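Here the structure is a predicted model, which is why all the values come from computation and not from measurement. Throughout, protein chains are lettered first and strands after them, A, B, ... in sequence-line order, and every chain is numbered starting at 1.
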Amino acid sequence: MKFTLENTCSNSEARAGVFKTAHGDIETPIFMPVGTAGSVKGVHIKELKEDVKAQIILGNTYHLYLRPGMEVMEAAGGLHKFNGWDKPILTDSGGFQVFSLGDIRKLTEEGVKFQSHIDGSSHMFSPENSMNIQRSIGADIIMAFDECTPGDAPYDYAKKSMDLTHRWLDRCYAQLEKVPPKYGFEQSLFPIVQGCVYPDLRKQAAKHIAGYNSDGIAIGGLAVGEKEETMYEMIEVVNEVLPEDKPRYLMGVGTPVNILEAIDRGVDMFDCVMPTRNGRNGMIFTQKGIINIRNKKWESDFTPVDPDGTSYVDHQYSRAYLRHLIISKEMLGAQIASIHNLAFYLWLTNEARRQIKNNTFKAWKEAIIPQLKNRL
RNA sequence: GGGGAGAUACCAAAGUGGCCAACUGGGGCGGACUGUAACUCCGCUGACUUUCGUCUUCGUAGGUUCGAAUCCUGCUCUCCCCA
């Protein structure tokens, strides 16, 4: 088993642990910056390591398959070699695109036919070629090819969708048996618990997924339109069933508050585009609350971006300057905001880990959440 | 000196008798964004009003008309061309 549980809390389901990979250890709880096309948008690897303190980043099967394509990827020797990130990488399977590409795709038992958002060309994703592609990319953690069920799906659809995800999972495993890793290290497949907003389906999915000999388990299909309370309830239902000795990855979540609430309910890993995408659009997350840096009130605020911040950009630049850059659509603005937000997210999960080890997580969480919700 | 063009909201720029408080950009203000088709998208931007609506606007002063940013006349200003 690659995961070691180090601490649990007496008054919370929160856990601290370590996940071992061929490219280094991941200390949980952890936030994983999203690097869809092989880069965390606007952030250099040096900054990811030294300022953000990222331990693992994501890549995306769909995007990398379309560009640069697997021929280049394999010639490079995999994504680690290609982008120069020598720490752990996780790739999503393209399953989320099945959901987000909306009307330019068609779902069948075989897989998903979709049109490239780049040139409109037709392609097919299936459990088999998603695994093939993820072998070629060569991430340490790879994701099962699933259908990310929409949050407002009716029960019958959600059930069928879940069953399809389960059948696809068997095909994922079968394909990985056929095609060995390409770059001399092992890849861990994380299966995904679906079930939409229906507790009995979630429970059923969790039991089903727990039956596989995986290194970790993902919870998918949340934060896709349902209420936050519903999301928390689903996490509770699922984690009640999942084995303690495997890391639990809540896919695509979320706000700082979402993350703490999920950690409190026993989740270990997170990824989300929010710190980078929202950062580019002017949203700055801090311990004291959320700043919309485009607002006029920051026009002449020459204090640091975040006095409590852990990265150098927080102290190097002022809020007024960052506002100017974002409003002027200067690239540097997006970079500063991304580095700051990612550093904040990493601080948040690392501090949660520290509090868990100290058995003070619950009180700390209750105290900081009202602050995190503030609008500054 | 002669000839020509034009003055529209913060800026630029449509509109040339009723569908005009006035297209569209930009700027300004606010909001959204959760396994990234995203340096993107959505509102508002004359005044008062929650809405309905009311009032004051298209250089300026008059006029024609049931009705004018749009037609006519005077005035002021700007720009271009030729001397």
To the nearest angstrom, the NE2-C1' distance between His117(A) and rA37(B) comes to 5 Å
[atom1] spacing across the pair [N] / [M], given as an integer number of angstrom:
N       : M       : atom1 : answer
rG2(B)  : rU8(B)  : C1'   : 30 Å
rC71(B) : rG27(B) : P     : 33 Å
rU45(B) : rU36(B) : C1'   : 32 Å
rG18(B) : rA38(B) : P     : 45 Å
rG30(B) : rG35(B) : C1'   : 30 Å

- Item | Salt bridge Arg171(A)-Glu110(A), side-chain N to carboxylate O under 4.0 Å |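 Judged by the 4.0 Å cut-off on N to carboxylate O distance, Arg171(A) and Glu110(A) do form a salt bridge.
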task: Look at Glu236(A) together with Arg265(A) and state whether they make a salt bridge at an N to O cut-off of under 4.0 Å.
output: yes
What is the nucleic acid contact for Asp271(A), judged by heavy atoms within less than 4.0 Å: base, sugar-phosphate only, or nothing?
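Touches sugar-phosphate only.
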Counting primed atoms, P, OP1 and OP2 as sugar-phosphate and everything else as base, the B/S/- map of nucleotides 24-32 of chain B against protein heavy atoms under 4.0 Å is ----SSSBB
Residue pairs meeting ring pair (Phe, Tyr, Trp, His ring centres under 6.0 Å), one or both in residues 10-44 of chain A, sequence neighbours left out, come to Phe19(A)-Phe190(A), His23(A)-His80(A), His23(A)-Phe185(A), Phe31(A)-Tyr345(A)
Quick one: does NZ or CZ of Arg319(A) land under 6.0 Å from the six-membered ring centre of Trp298(A), within 45 degrees of the ring axis? yes
### Task
Measure distances between side-chain N and O atoms of Ser100(A) and base N and O atoms of rU36(B), and say whether any donor-acceptor pair falls under 3.5 Å.
no
| message | On the side chain of Asn60(A), is there an atom forming a donor-acceptor pair with the base of rU36(B) - under 3.5 Å, no angle test? | response |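 No, no donor-acceptor pair under 3.5 Å.
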Here the salt bridge (Lys or Arg N to Asp or Glu O under 4.0 Å) pairs for residues 23-33 of chain A, sequence neighbours left out, are Lys20(A)-Asp25(A), Glu27(A)-Arg353(A)
Specify the residues of [range], ordered by number, for which at least one heavy atom lies under 4.0 angstrom from an atom of RNA chain B.
range                       : result
residues 32-58 of chain A   : Val34(A), Thr36(A), Lys41(A), Leu58(A)
residues 128-138 of chain A : none
residues 190-198 of chain A : Ile192(A), Gln194(A)

